[in-house]
Protein chains: 2
Amino acid sequence: MATIKEIADMANVSRTTVSRVLNDSGYVSKDVRQRIMKVIEETGYVPSEHAKSLRTKKTKVIGVILPKISTETSSRLVAGIDDILSEKGYQILLANTNLDQEKELEFIKLLKVRQVDGIILTATNVNERLVQQINKTDIPLIVIGQEVDSVSNVLYDDYHAARAVVSLFIQKGHEAISFIGVDESDVAVGHLRKKGYIDEMTQHGLTVEDTWIQKGIFDIESGYEAMKKIIETSTHTPTAIFAVTDRLAVGAINYLKEKGYQIPEDMAIAGIGASEISQYVNPPLTTVDYQNEAAGKAAAKLLIESIETNKKEPKKITLDYRLLVRDSV
Amino acid sequence: MATIKEIADMANVSRTTVSRVLNDSGYVSKDVRQRIMKVIEETGYVPSEHAKSLRTKKTKVIGVILPKISTETSSRLVAGIDDILSEKGYQILLANTNLDQEKELEFIKLLKVRQVDGIILTATNVNERLVQQINKTDIPLIVIGQEVDSVSNVLYDDYHAARAVVSLFIQKGHEAISFIGVDESDVAVGHLRKKGYIDEMTQHGLTVEDTWIQKGIFDIESGYEAMKKIIETSTHTPTAIFAVTDRLAVGAINYLKEKGYQIPEDMAIAGIGASEISQYVNPPLTTVDYQNEAAGKAAAKLLIESIETNKKEPKKITLDYRLLVRDSV
DNA sequence: CTGTTAGCGCTTTCAG
DNA sequence: CTGAAAGCGCTAACAG
């Protein structure tokens with residue numbers, strides 16, 4: 001790997017001058033410029049980003065912290081982020097927490113060390129320590145999916161999306177609607193969606209049996225188990241079931257089919273996420289499209305803006321959702 | 001951001017000494033070490049990776065070049081790679097070509113500039129220029145999914161997997177088996193799978209009508225179109241259809257259902273990829289599991305080995321595949 | 001056991 | 001228009 005000095009020597013100029021043509025800064029006479037260009041061309045020289053970063057404090061790298069790398073949500077999000085970022089010459093440094101909250105903290109630190117120009121954090125959870133860590137981070141940072149006051153956020157409208165789903169059931173004449181959620185420590189998916197469900201039910205004067213509300217852990221298997229519990233323990237069997245993710249819904253469908261229920265005749269069902277499988281289960285699953293790719297793009301735009309203008313006031317963007325009504329209701 | 005010098009001053013020692021405790025190299029007396037530790041603790045100091053990289057020429061970053069970021073294959077692959085890499089303290093710098101071959105070249109360059117310790121390239125295609133670029137890259141590089149002589153490869157056994165699928169059809173009594181492929185410039189998916197199909201047919205003395213072989217472009221839509229062409233243009237309608245990817249197969253299924261064909265009674269069908277939707281289409285799709293996550297792991301291991309031992313001879317790993325026989329045949 | 005010195009490759013004043 | 005010099009933050013001989 002050649003260095004700027006060698007290029008300078010070969011072109012009989014100083015490093016400074018080479019640097020100038022490299023960065024299009026300051027004046028360089030036409031022939032000197034051409035001479036240098038030629039040498040650069042011939043040697044295939046490219047300046048070291050590290051040396052550059054060391055001086056300029058800029059890296060053109062954005063750290064992206066994900067809870068789980070191989071989910072549809074994550075990959076759509078990253079696709080959206082990359083779409084905007086690559087256009088602006090930034091690259092993504094991945095950080096996968098694998099749902100380990102400790103790692104969120106670690107990675108924020110690590111990304112600081114690597115001097116990334118910005119961080120996009122997809123949080124599943126907000127706790128005191130995380131907020132502290134975020135607050136003492138001087139790098140522009142934006143959080144997707146959970147609300148953190150001090151920084152910019154891109155949020156899904158979990159509360160209203162949940163209400164919309166329940167409202168749909170009610171329109172279709174359902175009154176006994178049960179719910180498969182996740183732990184409420186996940187504010188967005190766990191708490192807000194549940195609140196939406198409860199509020200919508202309450203507003204319509206519908207009662208909710210305790211056993212109608214079950215919890216899973218984001219996978220198909222736990223959706224199956226939750227559904228089983230609802231069916232086995234409820235004195236009054238519901239006619240509709242709202243699962244907070246598509247995977248949970250698919251698990252529920254699996255259980256229902258196994259027990260001979262007809263969907264949607266015996267039991268209507270809906271999820272959230274618009275995952276690809278939601279189209280292919282039988283019957284196709286009613287769900288909510290959160291447009292993760294759009295979220296990724298929005299986050300990336302916000303971040304770049306914040307990097308380039310260097311301004312601080314946090315912005316909050318709440319994204320639209322689309323209710324996808326399909327044959328499962 | 002504090003620097004090593006400030007820490008040194010605060011602890012009344014030289015930078016060298018601080019560096020020593022940071023890297024656990026050389027001797028440092030117990031109390032000096034503790035004094036330094038304390039200062040580091042209090043200030044929350046972390047050494048700059050850039051300055052470090054500039055000296056050591058190591059970055060603990062691996063560049064991963066992907067053809068498309070938001071596919072199941074990619075995300076599984078990345079999950080596998082990350083699994084191994086993170087364990088060894090490496091991070092992933094993402095490079096998404098979006099199927100633009102030009103970008104593969106660009107990114108190899110860019111990753112060099114960023115001095116990544118190694119590169120994992122998921123290639124869809126091998127052309128002269130790419131091989132050249134790869135050869136003049138001094139950074140350890142491994143290619144997944146396509147064979148490139150000069151470097152280590154992790155390969156799927158496309159040829160035998162294809163034969164296995166066709167062989168399955170033949171066992172089930174099919175003789176008129178048609179094929180939906182992709183362009184053969186993609187050696188692995190396009191060429192080898194087709195060759196496997198042809199060879200297996202030939203070996204069993206089965207003939208193939210020209211119209212039985214159609215091409216798509218990796219999406220569901222084009223699978224639909226290809227299937228349509230086969231049905232509409234063949235004088236002798238086949239009884240089985242082998243699609244080189246699950247998505248193509250799903251497209252084909254959509255067409256067949258639309259036209260009232262019963263699967264597998266009127267038409268058997270199989271794909272490759274073991275994508276999640278393959279389980280949920282109706283009927284569940286027979287497919288081949290390539291275990292992308294294992295491929296990612298294998299690639300990461302190979303790469304780390306090559307980085308740490310600094311040895312050159314390229315290794316070739318061909319992964320196993322598993323035929324997943326489901327109701328579509 | 002600890003410090004001095006040099007230098008990684010680049011950009012950026014400041015003088016010509 | 002061009003160059004000299006300083007320095008970004010760190011590590012690695014080499015001397016003590």
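Throughout, a chain's letter reflects where its sequence line sits, starting with A, and its residues are numbered from 1. Just the heavy atoms: all of them, side chains too, but no hydrogens, waters or symmetry mates, feed the values below.
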Separation of [X] atom [atom1] from [N] atom [atom2], in whole Å?
X        : N      : atom1 : atom2 : answer
B/His50  : C/dT11 : NE2   : P     : 14 Å
A/Asp24  : D/dC1  : CG    : C1'   : 15 Å
B/Lys52  : C/dG9  : NZ    : C1'   : 19 Å
B/Leu54  : D/dA12 : CG    : P     : 12 Å
A/Leu22  : C/dG9  : CG    : C1'   : 11 Å
A/Ile7   : C/dT11 : CD1   : P     : 13 Å
A/Lys5   : C/dC8  : NZ    : P     : 9 Å
B/Arg114 : C/dG9  : CZ    : C1'   : 16 Å

Residue [X], side-chain heavy atoms: nucleotide from [options] that is nearest:
X       : options               : result
A/Thr56 : C/dT11, C/dG3, D/dA5  : C/dT11
B/Arg55 : D/dC10, C/dT12, C/dG3 : D/dC10
A/Arg20 : D/dC10, C/dT11, D/dT2 : D/dT2
A/Arg15 : D/dT2, D/dA12, D/dA6  : D/dA6
A/Ala51 : C/dC10, D/dC10, C/dT2 : C/dC10

Hey, does [X] reach any base, or is it just sugar-phosphate, or nothing, if we go heavy atoms under 4.0 Å?
X       : result
A/Ser19 : base
B/Thr17 : sugar-phosphate
B/Ser29 : sugar-phosphate

Query raised in the report: With nearest nucleotides of DNA chain C determined for B/Lys57 and B/Thr16 from heavy-atom distances, which residue corresponds to the more 5′ nucleotide?
Result: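 Closer to the 5' end of DNA chain C: B/Thr16.
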**Report entry** Taking every non-hydrogen atom, the tightest pair across B/Ile84 and B/Ala300
**Finding:**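 Where B/Ile84 meets B/Ala300 most closely, the heavy atoms are CB-CB, 3.6 Å.
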Query raised in the report: Does D/dG9 have OP1 or OP2 sitting under 4.0 Å from an N or O in the side chain of B/Ser48?
Result: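 Checking D/dG9 against B/Ser48, no side-chain N or O comes under 4.0 Å of OP1 or OP2.
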Query - Below 4.0 Å: OP1/OP2 of D/dG3 and any side-chain N or O of A/Tyr27 - result: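 Looking at the OP1 and OP2 atoms of D/dG3, neither is under 4.0 Å from any side-chain N or O of A/Tyr27.
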Report task. Please work out which of the three classes, parallel, tilted or perpendicular, describes the rings of A/Tyr290 and A/Tyr156, given edges at 30° and 60°. Result ->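 Geometry flag for A/Tyr290 against A/Tyr156: parallel rings.
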Query - B/Thr16 side chain to B/Ser19 side chain, donor-acceptor N/O pair below 3.5 angstrom - result: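 Not at all, the side chains of B/Thr16 and B/Ser19 share no donor-acceptor pair under 3.5 Å.
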**Report entry** Donor-acceptor pair between B/Lys68 and B/Asn96 side chains, under 3.5 angstrom
**Finding:**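 Side chains of B/Lys68 and B/Asn96: no pair found under 3.5 Å.
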**Report entry** Under 3.5 Å donor-acceptor, A/Thr59 side chain and A/Gln115 backbone
**Finding:**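 Pair found, side chain donor or acceptor close to backbone of A/Gln115.
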**Report entry** Under-3.5 Å donor-acceptor pair between B/Ser25 side chain and D/dA12 base
**Finding:**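 Counting by modelled atom types and ignoring angles, no donor-acceptor contact under 3.5 Å is found here.
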